Student: 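Here you go, one structure.
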Number of protein chains: 2
Amino acid sequence: MSPRRVPVSRRDRPAKAALSRKGLISVALQIMVDEGLERVTMRRLASELDTGPASLYVYIQSTAELHGALLDELLFGLELPREETAWREAVMELLSGYTRILHRQPSLARSVLTLRPSGPNYLRFVDLLLGYLLAGGVPVRSAAWGVDLLVQLATATAAEHGTRDESPDAAGEVDLQEMAVREAIPAEYPNIDRVRDELFSGTGEERHRFAFDALLDGIAARP
Amino acid sequence: MSPRRVPVSRRDRPAKAALSRKGLISVALQIMVDEGLERVTMRRLASELDTGPASLYVYIQSTAELHGALLDELLFGLELPREETAWREAVMELLSGYTRILHRQPSLARSVLTLRPSGPNYLRFVDLLLGYLLAGGVPVRSAAWGVDLLVQLATATAAEHGTRDESPDAAGEVDLQEMAVREAIPAEYPNIDRVRDELFSGTGEERHRFAFDALLDGIAARP
DNA sequence: ACCTGAACACCGTTCAAGT
DNA sequence: ACCTGAACACCGTTCAAGT
C-alpha cells in the first residue's frame, strides 16, 4: 500500500493573501519573474492559491486579460526620463526602458502584441511618449499614429528576441536562418550575396538604436 | 454493450499521399487554409494521416519548424512587382503582398515573429527587397538592417491584427483599450486628450501606408 | 450570490518496444 | 533502420451543483 500523501500544513507555507484579484495578480507576477510566463497557468495559479482553476474566473476573464494586468504591473517600474531631457532623447529613453522590461519577459511581449493593453501604467507610458512627440513639433496625426508604431516595434523586438535564448538548449542550437543566408548561392540570391556580411552585423544595441532612429526620423518627417 | 466503432473504409476517404514530409506539409497547409493554424496540431495531422503523433517526428523536428515550412508554402504565391516598377513602389508592393498573405493567417504571423524563417521563398522575398533598396541608393548597411526592420513590422502588423477578428465573438466584444483611451481623463493623461480623435482615426490601409512610408523614409535617410 | 469539483476537449514530445 | 502505441506531463474554460 502506498503511503497517503499528507498535504503540507498551511503553517509551513509562506503567508498567502486571501483570494482576490490583487492577490491573484501578485502571485502570477511572482511566478512569471521567477520561472517565466510559461509557468503562469490557470492550474498552477490555482494550486498556488489552494483552490481549483474555476475559481480564478471569478476575478479575471481570461489568460489574455491576466497578461494585460501583468504588463501593467511591470510598467509600474518603468524609468521616466529626467525633467530637462531633450524630447528626442526622452523618447529614446522611454522606449528603451519599455523594451528592456519586455526583453526579460519575451513570452509576455508575444502576448502583448495581440493585446491592446489598457492599464493605467500603459496609458501613462503612451501619454508621455505622445507628450514628447508633440513637444518636438510632430504634427498631431503623425504623433498619434507614430506612437502606436514605435510601441509596436518595441514590443515586436522584445517578442522576437524571445524563444531563442529562452529555450534551455539555445546555446547548442544552430540558427537555421543564419546558416541558410550564409550558404545562399550568389546566382540565386544576388542581393543577399552583396550585403551578406551586414545582415548579421552589429550588436543588439546598435541595431536597436538604428531601428528607433530610423522610425522616429520617418515619423517626424511625415507632414 | 456499446456497438464497436467501425472505422470508415479507406475507399471512402479522399486519396491520401503516402507519409512523407511533403505530404505532411500539404495536409497541414490544407487544414490551415480551411480551419486556421489553431487546428493544425500534431494530433490532428496524425489522425488525418492515419497514424500516431509520434510518427510525424520522423519528418519534422517540431511545430516551429512546421510553421516555417507553412510560411514558405504561402510565400510561393507572393505576387512580384512588374519589371519596370520604380524601386520605392516595388518595395511597397512587395511588403503589401507579404502583409496580405499573413493577414489571412494571423496565428502564423505570430509564430513567424519568433521563427527566423529560412525557406527558399522567404529568402527570395528578402533578396528582392534588398535589391530594390540597393537600387534606390540605400547604403549597404542600411539596406541590410532596414530589410529586417521592414519585414518585422509587416509581420508584427499581421500578428497584431490577429485574434481580434479571429475570435468568433469579436463583433460583440468591446475594445477595452479604445474604451480606456476614450475615457482617459484629461487631467491625468493630457496628451492622450490632445490627440484623442486621431488615435483611432484612419483606415487600416491608410495606417499601413503611413507605417511603411515612415519607416522606409527613415531607413533611406540613414547615412 | 459566490464559489468550485469535475468534466470537456484537448495539447507537444519522448521513448521503449515493435517490425 | 524505420516507425509507432502508449505514456508523460500537462493545457483553458465551462457548468452543474454545492454552500
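No experiment lies behind these values; they were computed from the predicted model shown. Reminder, nothing fancy here: chain letters follow the sequence lines and each chain counts from 1.
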Student: Please tell me if Thr41(A) has a side-chain N or O lying less than 4.0 Å from either OP1 or OP2 of dC11(D).
Tutor: yes

Student: Calculate the interatomic distance between Arg21(A) atom CZ and dC3(C) atom P; express it in whole Å.
Tutor: 15 Å

Student: How many whole angstroms separate atom CZ of Arg44(A) from atom P of dC11(C)?
Tutor: 25 Å

Student: Within this structure, what is the CZ-to-C1' distance between Arg43(B) and dC8(C), rounded to whole angstrom?
Tutor: 15 Å

Student: When Val40(A) is tested against each of Met32(A), Glu35(A), Glu48(A) for side chain to side chain contact (heavy atoms under 4.5 Å, CB included), which residue passes?
Tutor: Met32(A)

Student: Check each residue of residues 56-71 of chain B for a non-hydrogen atom within less than 4.0 Å of any atom in DNA chain C, then write out the ones that pass by number, or none.
Tutor: Tyr57(B), Ser62(B), Thr63(B)

Student: Is the closest side-chain heavy-atom distance between Val126(B) and Leu123(B) below 4.5 Å?
Tutor: no

Student: Can you tell me, in whole Å, how much space there is between the C1' of dC10(D) and that of dA6(D)?
Tutor: 16 Å

Student: Just how far, in rounded Å, is C1' of dC10(D) from CD of Glu38(A)?
Tutor: 14 Å

Student: Going by distance alone, is a donor N or O of one side chain under 3.5 Å from an acceptor N or O of the other, for Tyr57(A) and Ser62(A)?
Tutor: no

Student: With both distances kept under 3.5 Å, what pairs with dT19(C), Watson-Crick or G-U wobble?
Tutor: dA1(D)

Student: Salt bridge check, Glu205(A) against Arg209(A): does any charged N sit closer than 4.0 Å to a carboxylate O?
Tutor: no

Student: Quick check on side chain to side chain contact (heavy atoms under 4.5 Å, CB included): which of Asp72(A), Leu130(A), Val151(A), Leu80(A) does Phe125(A) satisfy it with?
Tutor: Val151(A)

Student: Starting at atom CG of Leu45(B), determine the distance to atom C1' of dT13(C), rounded to an integer number of angstrom.
Tutor: 15 Å

Student: Could you run down the sub-3.5 Å N/O contacts of the protein with nucleotides 15-19 of chain C?
Tutor:
none

Student: Is a side-chain donor-acceptor pair under 3.5 Å present for Ser201(A) with Glu198(A)?
Tutor: yes

Student: What integer number of Å spans the P atoms of dC8(C) and dA9(D)?
Tutor: 24 Å

Student: Gln177(B) and Tyr122(A): which non-hydrogen atoms are nearest, and at how many Å?
Tutor: NE2-CE2, 3.6 Å

Student: Name the pairing partner of dA6(D), where a pair is Watson-Crick or G-U wobble with both distances under 3.5 Å, or state none.
Tutor: dT14(C)

Student: One thing to verify: whether Glu183(B) and Arg196(B) come together as a salt bridge, which I'm taking to mean a side-chain N less than 4.0 angstrom from a carboxylate O.
Tutor: no

Student: Looking at Arg207(B), I'd like to know if its CZ atom is crowded, meaning that more than 12 non-hydrogen atoms belonging to other residues, nucleotides or ligands lie closer than 6.0 Å.
Tutor: yes

Student: Output the rounded distance in Å from CZ (Arg39(A)) to C1' (dC10(D)).
Tutor: 10 Å

Student: I need the CE-C1' distance between Met42(B) and dT14(C), as an integer number of Å.
Tutor: 13 Å

Student: Does the side chain of Thr51(B) get closer than 4.0 angstrom to OP1 or OP2 of dT4(D) through an N or O atom?
Tutor: yes

